[in-house]
**Student:** 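Next up is a structure, given as C-alpha cells.
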There are 2 protein chains.
Amino acid sequence: MQKKRITIYDIAKELSLSPSYVSKALNDHPSINDAAREKVKQKAKELNYKHNSLAANLRNGSSKTIGVIVPAINQRFFSDVIAGIEEKCNQEGHSLIICQSLESFELECKAIDTLIRQNVDCILISVSSQTKTMEHLLNAQVHDISLIQFDRCMEDIQGIKVLNNTFDSAYKATKAMIDAGYKSIAFLGGPAHIETFSQRKAGFLKAIEEAEMLIPYVYINENVLPMEEAKKMADKLLSSKLPPDAFLTVSDHQALGVMESAEKLGISIPKDLGLFGFANEDFSALVKPGLSSVDQMSKQLGISAASAYFEHKKSHSGTSMPDEVIYVDCELRIRDSINRGSKG
Amino acid sequence: MQKKRITIYDIAKELSLSPSYVSKALNDHPSINDAAREKVKQKAKELNYKHNSLAANLRNGSSKTIGVIVPAINQRFFSDVIAGIEEKCNQEGHSLIICQSLESFELECKAIDTLIRQNVDCILISVSSQTKTMEHLLNAQVHDISLIQFDRCMEDIQGIKVLNNTFDSAYKATKAMIDAGYKSIAFLGGPAHIETFSQRKAGFLKAIEEAEMLIPYVYINENVLPMEEAKKMADKLLSSKLPPDAFLTVSDHQALGVMESAEKLGISIPKDLGLFGFANEDFSALVKPGLSSVDQMSKQLGISAASAYFEHKKSHSGTSMPDEVIYVDCELRIRDSINRGSKG
DNA sequence: TTGTATGCGTTATCAA
DNA sequence: TTGATAACGCATACAA
C-alpha cells in the first residue's frame, strides 16, 4: 500500500535523471536511445508507476475522453450503440464518460455541463424527447467540443448526424409485405415531431403509393407508441368493417400489441394478418410466430458515430465539423409473421 | 467561438480581483460576502465560464470519477446495473467512466490500467468469465482506489461485494413450484465455478431436500447455459422413462429452450410441466405462457453498489474498505408457467 | 475581507 | 543526448 503516488520524479530520482528525461523516455521520444528508454521503462514497471492522465491532459489541453448522452443506458437500442462506441474508443485509446438524460431536458443540460467541465473532446448525443431548444448543445460547441448527434437529432445544429436510414427500411419492410401478398396494410406510428418516426411513415407511404394500394385514412395512425395503445388501435381496426390484412409498426412492442389483439379476435398470423415491427428486439425472434422486424444495426451505428469523430480529428484537425449526415443501413429480419405461404 | 478557455484569471481580470478570490467566491467559501460572491458568479455566467474539473481534480488529488468494468454493456443485466450506478453517481456529483471486458481477461486488465491512469476514486467491477487471477485488481487497491465487486466476484479479494441473494431466490422459486403441486423437478444450471451458479444449485437442492423429494441425479445438470444445450437436455429428460414435471433453470434463455422442447414433444406448460427461469428478461412476460422468473433487481443492485462506495467515503474516509457482502434481494415474478390450476 | 505564493504531475521548449 | 524551466487551471495555506 503506497502512501504517495509514484511520479516521474520518483523514477528520475532513482535513476539520477531529470524528470523531463524520464517523461520523454516513457513517451518514446526520438531523442532517447534504446538502452536508456528501456532502463526507464524497466524502472517504471518496477516501481509500479502509472501515468497520470489527469495531469497530462491538463497540460496537453485534450482529455482523450468522449462523452455520451443518451435518454437511458438500459434501453436495448442505446446500450447497443454505447457498446459500439466503447469498442471504437477503446481501440483509439480514448475513455468514455456516460450520462443519461432520462428523457429530461434539465438532466440533459446538466449532463452537457458536466461534460464541458470534464473537458471531453467530443460529445455524442441522442437528445431527450423533451428537448426542443438547443442552446445547451451550441454551448458545447462554443467550448470547442465536437458535437455529433445520433438517432434523435436537432435538425438545425451544424455538425455530423448519424442516423438509420429508416425511411428506406420502412419502405422495404412495407414492400416485403406487399410482395408476400398482403393487400391492405395499416400503419402504427410514433410521435410525428420526431424525425425518425415521420421518416418511417413516409417510407411506408411511398411503398403503398408505388403499389397503387388504396388505404383508408384510418389505417394511418401516429402517436401510438405504447404497446397498450397499439393494441387498442389494432382491436379497433381489426374489428372494423374494413379490417387491414397487415400492419407495419414502428416498434416491436407495438407489434406485440397487435399480436395480442389478433389472438384475442381469433385472427391467425401470418395467414390472415401480416406483421412487421421495428427494432428487432430480443424477444422478436422468440415469440410465436417469429416477428419480422427492422434491425437498426445499433452497435454499428455507435461504431460509425465514434469513427466519424476520430476520422474528422485525424484528417481535418482544427477545422470545425462538417454538416454531414451519415446513414447506417438497417437490415430486414424476415420471419414467419409475414410468411403467408401463398400469394394473393 | 472562443479561442481560449475562460479561466478564473479572466474573471479576476475583468473584476480587478485576484484569481484566488474568484476561486473562493465560486466555491462558496465563507470568507466571501454575499454581494461579492454574487458579482463573481454573475460575471462567470456572463463570460460563459466553466469550471475545469481536470485542473481541480489534479490539484485535489481526487477525480470525483468512478470507473465501471462489466463484461458487456449491452447485456440487459449489466446495462440495468449501470443505469442504477449512473443515477446514484449523478446524485452525488460524480462522473462515470465505463469499460467493457468483453469476457476477456486481457481487456479487463487494460481497463483497470486505464482507470488507474484516469485517477478514478473507485472501481466497480463484475469480472470476466476468463478471470482467474487477481493481481490486476489488487493493483487498483495499491493505487488507493476503492474496489467494489458486484455479481461476479473474486472471493479472496478484500473489500465490499454486492450480490444477489441467488441461493435464497433459487430456494424460493423451487418452493413455489413445489407449492404449485409439481412433484419431480429438474435443474438446468451454469458453470459450477461461478459462485452465483453454484448458489442457485444449492438453493434448489435445499428446497428439494426440505420437501423430501427424491430426485434422480440425472435431473441435476450444470453447465448447460446456452439455450440450445438446455433444449437438448430438456429433450433428453422429457423423453426419458422418468420425465420431470418441472424445471428450474438459471436463465430465461434456458427456460425458452425447455419451452421449445416441450412444444415439440406435445407437453403442455403449465399443465404437465412447470417452468421457472432466472433474470426476468424482457421477453419473459411476453412469451406464452408467461414465464415465471427471478427478478434480480439489477438496477437496485447498481444503486446499492454505488451507494456502498459513497457511504464508506463519507463515514470512514481514509480507512480501507471493510470486508463486507451486501445482498440485494431478488423478487419472484410468478407467471402462468407454474400456474397449474389444481394441486397434486 | 482580500491577495500572494505554491504545488498537483505532466510535457514542450529551449538551452547546454 | 540530457536537463532546467515554464505552463496547463485550480485551490489552499498563509500573509496582509
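Quick note on labels: first sequence line is chain A, next is B, and so on, each numbered from 1. Predicted model, so just to flag it, every value in this text is computed and none were measured.
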**Student:** Are the side chain of Glu86(B) and the backbone of Cys99(A) linked by a donor-acceptor contact shorter than 3.5 Å?
**Tutor:**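 Not a single qualifying donor-acceptor pair exists.
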**Student:** Mind checking the CZ-NZ spacing from Arg37(B) to Lys24(B)? Nearest 0.5 Å is all I need.
**Tutor:** 14.0 Å
**Student:** Identify, between Ala36(B) and Leu58(B), the residue whose nearest nucleotide on DNA chain C lies closer to the 5' end.
**Tutor:** Ala36(B)
**Student:** What contact category does Leu54(A) fall into here, base, sugar-phosphate, or nothing, at under 4.0 angstrom with non-hydrogen atoms?
**Tutor:** nothing
**Student:** Please list, chain by chain and in numerical order, all residues satisfying side chain to side chain contact (heavy atoms under 4.5 Å, CB included) with Ser298(B), sequence neighbours excluded.
**Tutor:**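 Ser298(B) satisfies side chain to side chain contact (heavy atoms under 4.5 Å, CB included) with Phe77(B), Asp80(B), Val81(B) only.
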**Student:** Rounded to whole Å, how long is the line connecting atom CG of Asn33(A) with atom P of dG3(D)?
**Tutor:** 12 Å
**Student:** Please tabulate the protein-to-nucleotide N/O contacts below 3.5 Å involving nucleotides 12-15 of chain C, giving atom names and distances.
**Tutor:**
from    : atom 1 : to       : atom 2 : distance (Å)
dA12(C) : O4'    : Arg59(A) : NH2    : 2.9

**Student:** Output the rounded distance in Å from CG (Asn57(B)) to P (dT12(D)).
**Tutor:** 12 Å
**Student:** Can you tell me if Tyr49(B) touches the phosphate of dC10(D), counting only side-chain N or O atoms and a distance under 4.0 Å to OP1 or OP2?
**Tutor:** yes
**Student:** What integer distance in Å separates Tyr9(A):OH from dT5(D):P?
**Tutor:**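 One finds 11 Å between P of dT5(D) and OH of Tyr9(A), rounded.
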**Student:** Between dC10(D) atom P and Lys64(B) atom NZ, what is the distance in whole Å?
**Tutor:** 15 Å
**Student:** Choose from dT1(C), dA11(D), dG3(D) the nucleotide whose nearest atom is closest to any side-chain atom of His51(B).
**Tutor:** dA11(D)
**Student:** Identify which nucleotide among dT10(C), dG9(D), dT1(C) has an atom closest to any side-chain atom of Asn52(B), counting heavy atoms from C-beta outward.
**Tutor:** dG9(D)
**Student:** Nearest whole Å is fine: how far is dT1(C) P from Leu15(B) CG?
**Tutor:**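 My rounded result for the distance is 17 Å.
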**Student:** Side-chain N or O of Thr7(B) versus OP1/OP2 of dG9(D): is the shortest distance under 4.0 Å?
**Tutor:**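 Negative; the distance criterion is not met.
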**Student:** Classify the side-chain pair Asn57(A)/Asn119(A) by whether it contains a donor and acceptor separated by less than 3.5 Å.
**Tutor:**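 Asn119(A) and Asn57(A) do not have a side-chain donor-acceptor pair below 3.5 Å.
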**Student:** Apply side-chain contact (heavy atoms from CB on, under 4.5 Å) to Ser146(B) and Lys313(B), showing your working.
**Tutor:** CA-CA 9 Å; Ser146(B) 304; Lys313(B) 184 183 170 189; over 6 Å; no
**Student:** Indicate yes or no: does Lys50(A) engage Asp113(B) in a salt bridge with an N to O separation below 4.0 Å.
**Tutor:** yes
**Student:** Please give, in whole Å, the distance from dG9(C) C1' to Asn119(B) CG?
**Tutor:**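 It works out to 10 Å between those atoms.
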**Student:** Any donor-acceptor pair under 3.5 Å linking the side chain of Asn27(B) with the backbone of Ser23(B)?
**Tutor:**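 Yes, because the side chain of Asn27(B) sits within donor-acceptor range (under 3.5 Å) of the backbone of Ser23(B).
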**Student:** Separation of Arg5(B) atom CZ from dC10(D) atom P, in whole Å?
**Tutor:**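 Rounded to the whole Å, the gap is 7 Å.
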**Student:** Please report, rounded to the nearest Å, how far the P atom of dG9(D) is from the CD1 atom of Ile11(B).
**Tutor:** 13 Å
